[in-house]
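Right, one structure below, let's go through it.
Starting from 1, each residue takes its place in the sequence as its number.
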Amino acid sequence: MIKSMKSLTRQIKAIIDKDLPLITNLSNVSALLNTLEDINWCGFYLTNKDYLYLGPFQGEVACTIIPFDKGVCGYTYQKKETVIVPNVNEFKGHIACSSKSKSEIVTPIIVNNEVKALIDIDAPILDRFHAEDKELLEEIAEVLKELFYE
């Protein structure tokens, strides 16, 4: 985990700017998320009316489109809550964008009860993500909600 959760959240609050395009803000946030220890991919999936599509990220090439009913991201979209997967090989329907990823955490960004985006982080080790990671990402999702208001 980064030096402190509060430090990362403070940094994100300092760099986001509602007057800048969403992609610009999420690009910088993905760069900050990439400072987390023991991860190999982090980024965002954004929603449209039919599917999730790849947004700003750090890491290897990723899946570009994910149906709402597929993989960890689709499952998170449907549940509207953070999902931690200790071993992605044991998750039914997991979409393997990278064979290096062993565990995953996905947190929705919800505005007016509608999922607008997902924060997705993968790790090259099993059981990487725990309650403190969930708390951190949910706090970040709350901060990022302001970027999705029209």
Side-chain angles (χ1 to χ4, degrees), residues 1-48 51-66 68 71-88 91 94-98 100-150:
M1 173 83 32
I2 198 159
K3 303 153 202 104
S4 84
M5 292 190 294
K6 290 188 189 314
S7 168
L8 182 59
T9 304
R10 254 193 323 271
Q11 289 176 328
I12 289 171
K13 286 178 181 177
I15 64 164
I16 61 172
D17 181 344
K18 290 188 287 187
D19 294 329
L20 293 174
L22 177 65
I23 297 302
T24 301
N25 283 300
L26 296 183
S27 295
N28 276 333
V29 173
S30 70
L32 283 175
L33 290 174
N34 200 39
T35 64
L36 295 170
E37 294 176 13
D38 298 322
I39 67 166
N40 63 317
W41 195 95
C42 63
F44 296 89
Y45 279 93
L46 306 169
T47 61
N48 73 13
Y51 53 82
L52 299 158
Y53 64 95
L54 182 62
F57 70 95
Q58 304 281 316
E60 293 183 12
V61 172
C63 301
T64 56
I65 293 176
I66 299 176
F68 291 138
V72 179
C73 287
Y75 184 70
T76 302
Y77 174 84
Q78 291 178 359
K79 286 195 65 129
K80 294 184 177 181
E81 62 185 45
T82 299
V83 174
I84 295 175
V85 180
N87 182 345
V88 295
F91 187 89
H94 175 255
I95 301 170
C97 296
S98 170
K100 295 176 185 172
S101 294
K102 304 295 183 210
S103 58
E104 185 171 4
I105 185 170
V106 182
T107 298
I109 299 171
I110 300 171
V111 177
N112 298 327
N113 203 34
E114 183 181 340
V115 177
K116 295 292 190 174
L118 301 172
I119 305 168
D120 183 10
I121 303 178
D122 295 357
I125 57 176
L126 296 172
D127 199 28
R128 159 62 182 84
F129 303 105
H130 301 93
E132 65 182 0
D133 303 293
K134 177 180 184 289
E135 180 183 330
L136 171 64
L137 292 184
E138 289 175 351
E139 187 175 300
I140 291 169
E142 279 298 310
V143 169
L144 296 179
K145 279 170 61 167
E146 74 178 61
L147 300 175
F148 293 87
Y149 287 106
E150 318 223 329

Considering only heavy atoms from C-beta outward, does the side chain of [X] approach that of [Y] to under 4.5 Å?
| X | Y | value |
| --- | --- | --- |
| Ile39 | Phe129 | yes |
| Ile140 | Val143 | no |
| Ile16 | Glu146 | yes |
| Asp120 | Glu104 | yes |

- Message: The test is ring-ring contact (aromatic ring centres under 6.0 Å, His included); show your working for Phe91 and Tyr75 and say whether it passes.
- Response: CA-CA 10 Å; Phe91 187 89; Tyr75 184 70; 5.6 Å; yes
Could you tell me the separation between the [atom1] atom of [X] and the [atom2] atom of [Y], rounded to the nearest 0.5 Å?
| X | Y | atom1 | atom2 | result |
| --- | --- | --- | --- | --- |
| Leu33 | Gln11 | CG | CD | 10.5 Å |
| Leu144 | Lys116 | CG | NZ | 14.0 Å |
| Glu138 | Asp133 | CD | CG | 11.0 Å |
| Leu32 | Arg10 | CG | CZ | 12.5 Å |
| Leu20 | Leu26 | CG | CG | 11.5 Å |
| Leu52 | Cys73 | CG | SG | 6.5 Å |

- Checking side chain to side chain contact (heavy atoms under 4.5 Å, CB included) for the pair Thr24/Asp17: CA distance, chi angles, key distance, verdict? CA-CA 9 Å; Thr24 301; Asp17 181 344; over 6 Å; no
- Item | Residue pair Asn87, Lys102: steps toward the side chain to side chain contact (heavy atoms under 4.5 Å, CB included) verdict | CA-CA 6 Å; Asn87 182 345; Lys102 304 295 183 210; 5.8 Å; no
- Item | Salt bridge present between Lys100 and Asp122 (N-O < 4.0 angstrom) | no
- Message: Checking Lys145 now: which residues fulfil side chain to side chain contact (heavy atoms under 4.5 Å, CB included) with it, not counting sequence neighbours?
- Response: Ile109, Val111, Glu142, Tyr149
- Message: Using the side chain to side chain contact (heavy atoms under 4.5 Å, CB included) criterion, which residues pair with Ser27? Sequence neighbours excluded.
- Response: Ile23, Pro56
Considering non-hydrogen atoms only, spot the tightest contact between [X] and [Y] and give its length.
| X | Y | answer |
| --- | --- | --- |
| Asp38 | Ala123 | O-CB, 3.2 Å |
| Cys42 | Ser30 | SG-O, 3.4 Å |
| Ile66 | Tyr51 | O-CB, 3.5 Å |
| Phe44 | Ile119 | CE2-CG1, 3.6 Å |

- Pairing residues for Lys80 by the salt bridge (charged side-chain N to carboxylate O under 4.0 Å, His left out) criterion, not counting sequence neighbours: none
Donor-acceptor pair, side chain of [X] and main chain of [Y], under 3.5 angstrom:
| X | Y | value |
| --- | --- | --- |
| Glu60 | Trp41 | no |
| Asn25 | Leu22 | no |
| Arg128 | Ile105 | no |
| Ser103 | Ile125 | yes |
| Tyr45 | Cys63 | yes |

- CA sep, side-chain torsions, deciding dist, call: Thr76, Thr82, side chain to side chain contact (heavy atoms under 4.5 Å, CB included): CA-CA 6 Å; Thr76 302; Thr82 299; over 6 Å; no
- Task: For the pair Leu36 and Leu8, evaluate side chain to side chain contact (heavy atoms under 4.5 Å, CB included) and give the outcome as yes or no after the intermediate values.
- Result: CA-CA 9 Å; Leu36 295 170; Leu8 182 59; 4.1 Å; yes
